[in-house]
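These notes are about the structure you will find just below.
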Amino acid sequence: MAKTSAPLSLETGMLAFARSLQITEGLFYATRKADSAVATPIEILEKGVRGQSSEDKAKNPGLSNPQSVEYAIVPQGHDGVRLTFAIRFMPFSRAPHACNNTDVGSAYERLAAAYREAGGYKVLAGLFLWNIANARFAWRNRFQSDAMSVSITTSGGTSLTFDPFKLSLTEPASATELSSALIGGNAADLEKVIDGIAFGLANEDHEAYTVNVSWDAEMEAGQEVFPSQEYVREEKAIANLSRVFAKLPTKWGGRSLMQASMHSQKIGAALRCIDIWHGDADETKPIPVNPYGGVQETGAVLRNAKTKRSFYDLRKNGTTLIDGVESAATANEISGDAHFVMANLIRGGVFGSSSKKAEAKG
């Protein structure tokens with residue numbers, strides 16, 4: 001496609017994209033290897049513990065520090081844990097959800113159309129599948145077992161099962177490496193799933209592609225499980241609990257209980273850990289896609305004002321960005337900057353600009 005003659009802008013005062021990955025809350029179950037039909041909800045329980053004050057400048061250093069905490073364990077009579085959730089991949093990055101400038105909105109549509117034509121969505125689909133197959137979404141629980149698998153079934157009827165330990169958490173897996181990690185399904189099915197995710201992200205008919213995920217790990221009865229931890233503000237503290245886990249109400253065995261869960265946001269953070277284009281020499285692994293490249297574990301901000309590589313810095317050069325994607329004959333010719341910008345649109349959010357120049361366009 002010919003390069004743009006008139007400058008294109010991706011900035012305006014009001015701009016928002018809807019999330020393209022809609023993820024359910026994850027649910028934890030206890031399982032039994034000898035009987036695959038067993039799936040018992042793991043219950044959130046409460047206990048009192050007497051530890052010692054260990055923080056710097058504690059009020060009572062070294063003395064008892066009684067506290068109540070919530071916890072979750074594999075119940076007796078079980079020897080495994082299952083975490084289940086579903087993902088709907090949808091094409092909401094193809095156009096803004098809200099935009100107060102038609103020219104800017106059209107520029108984003110043009111960028112997405114060119115990205116689709118060059119095969120960019122398939123690149124992101126492979127990265128998302130990598131983070132499903134490697135069980136990154138289990139977070140701390142992934143290191144609680146020496147034997148596990150990830151099984152998926154799709155809305156297209158395809159089923160795959162992966163051995164997460166055959167995949168790296170730091171080096172993105174190629175289609176060949178993903179295929180080598182399969183313990184159920186084949187390379188042809190794998191290609192169908194990657195194409196299906198790409199279709200869900202890029203199709204023009206607003207069709208969703210659904211992937212149901214089940215992580216199964218061998219664990220001992222009594223072994224601790226780690227659901228999402230709730231952030232509880234002091235004014236809303238529950239019964240003076242110092243640790244509160246995510247949980248959802250359910251009924252089991254004729255009684256009501258609170259089942260351990262994983263926040264959809266935490267699962268989403270794992271799946272979008274695909275920013276391999278940040279360019280920071282000190283950070284060798286992928287980080288979650290977000291406009292400024294923030295890393296919660298270290299407090300680092302990799303795409304800061306100094307690097308000029310934030311989402312907002314990159315989109316200032318709208319013409320260059322769009323021309324680059326439109327001139328790409330294959331996905332290999334798409335720049336990392338373009339992949340990063342599109343991954344942010346898939347992530348979704350409010351991207352309006354507060355600059356006077358952008359506001360004037362609105």
Side-chain angles (χ1 to χ4, degrees), residues 1-12 15-17 20 91-97 99 101-128 130 172 174-175 194-195 197-204 272-281 283 286-293 302-349 351-353 355 357-358 361:
M1 188 178 292
K3 288 191 175 183
T4 305
S5 56
L8 291 170
S9 175
L10 297 173
E11 297 180 284
T12 189
L15 179 71
F17 279 79
S20 293
F92 293 149
S93 67
R94 294 293 307 274
H97 174 70
C99 181
N101 185 294
T102 55
D103 290 337
V104 171
S106 295
Y108 276 102
E109 290 182 39
R110 183 168 169 177
L111 172 64
Y115 190 71
R116 176 194 182 194
E117 184 68 23
Y121 282 106
K122 188 168 182 176
V123 172
L124 298 186
L127 290 170
F128 287 133
W130 166 57
S174 65
I194 295 175
D195 286 340
I197 294 173
F199 170 81
L201 293 172
N203 75 87
E204 298 175 333
R272 60 184 171 83
C273 194
I274 62 171
D275 184 0
I276 57 177
W277 315 284
H278 54 73
D280 188 277
E283 183 61 78
I287 65 172
V289 168
N290 62 73
Y292 294 107
L302 305 189
R303 294 178 176 271
N304 53 40
K306 184 178 180 180
T307 67
K308 300 293 184 184
R309 301 195 67 220
S310 75
F311 171 85
Y312 299 102
D313 287 313
L314 295 176
R315 74 165 183 184
K316 288 178 181 178
N317 301 312
T319 301
T320 301
L321 195 66
I322 293 171
D323 281 345
V325 178
E326 289 184 337
S327 63
T330 67
N332 291 332
E333 297 178 11
I334 299 174
S335 70
D337 289 344
H339 284 306
F340 171 70
V341 168
M342 288 305 302
N344 271 279
L345 301 185
I346 288 171
R347 175 184 181 269
F351 301 117
S353 175
S355 70
K357 183 178 178 181
K361 294 176 183 177

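Scope of the values below: all heavy atoms of this structure, side chains included, with no hydrogens, waters or symmetry mates.
With sequence neighbours excluded, the residues satisfying side chain to side chain contact (heavy atoms under 4.5 Å, CB included) with Ala114 are Val325, Glu326. In this structure Ser310 satisfies the side chain to side chain donor-acceptor pair (under 3.5 Å) test together with Asp313, sequence neighbours excluded. By the ring-ring contact (aromatic ring centres under 6.0 Å, His included) test, Phe351 is found to be paired with Phe311, residues two or more places apart in sequence or in another chain being considered. Considering only residues two or more places apart in sequence or on other chains, Ser20 meets the side chain to side chain donor-acceptor pair (under 3.5 Å) condition with none of them. Applying the side chain to side chain contact (heavy atoms under 4.5 Å, CB included) test to Asn304 and every residue at least two apart in sequence or in another chain returns Val301, Lys306, Thr307. In this structure, Asn344 has no side chain to side chain donor-acceptor pair (under 3.5 Å) partners at least two apart in sequence or on a different chain. With sequence neighbours excluded, the residues forming a side chain to side chain donor-acceptor pair (under 3.5 Å) with Lys122 are Glu191, Asp195, listed by chain and number. Take Arg116 and apply the salt bridge (Lys or Arg N to Asp or Glu O under 4.0 Å) test, not counting sequence neighbours, and it matches Glu204. For Phe17, the ring-ring contact (aromatic ring centres under 6.0 Å, His included) partners at least two apart in sequence or on another chain are Tyr108. Arg315 meets the salt bridge (Lys or Arg N to Asp or Glu O under 4.0 Å) test with no other residue; sequence neighbours excluded.
Pairing each heavy atom of Pro91 with each of Asn203, the nearest pair is CB-O, 3.3 Å. Shortest non-hydrogen contact noted between Ala118 and Ala328 is CB-O, 3.8 Å. The two residues Tyr121 and Ala202 come nearest to each other via the heavy atoms CD1-CB, 3.4 Å. Taking both residues in full, the closest heavy atoms of Ala107 and Ser9 are given as CB-O, 3.5 Å, listed atom of the first, atom of the second, then distance. In terms of heavy atoms, Ala331 sits closest to Val123 at CB-CG2, 3.6 Å.
Pro288 has its side chain out of reach of Arg347: every pair of non-hydrogen atoms, C-beta onward, lies at least 4.5 Å apart. Between Leu15 and Cys99, some side-chain heavy-atom pair lies under the 4.5 Å cut-off.
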For residues 332-342, which side-chain donor-acceptor pairs fall under 3.5 Å, sequence neighbours excluded?
unit_1, atom_1, unit_2, atom_2, d
Glu333, OE1, Ala329, N, 2.9
Ser335, OG, Ala338, N, 3.1
Asp337, OD1, Arg309, NH2, 2.8
His339, ND1, Tyr115, OH, 2.6

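Within the structure, the ring-ring contact (aromatic ring centres under 6.0 Å, His included) test picks out the following pairs touching residues 312-332 (sequence neighbours left out): Tyr292-Tyr312.
Under a cut-off of 6.0 angstrom, the local environment of CD in Glu283 is crowded, with over 12 non-hydrogen atoms contributed by other residues, nucleotides or ligands.
Of the residues listed (Asp280, Ile287, Asn290, Leu127), the one engaging Asp275 in a side chain to side chain contact (heavy atoms under 4.5 Å, CB included) is Ile287, and it is the only one.
Of the inter-residue distances, the one linking Phe128 atom CZ with Leu201 atom CG reads 6.5 Å to the nearest 0.5 angstrom. Once rounded to the nearest 0.5 Å, the distance linking CG of Leu10 with OG of Ser353 reads 11.5 Å.
A donor-acceptor pair under 3.5 Å is absent between the side-chain atoms of Asn317 and the main chain of Thr320, judged by distance alone.
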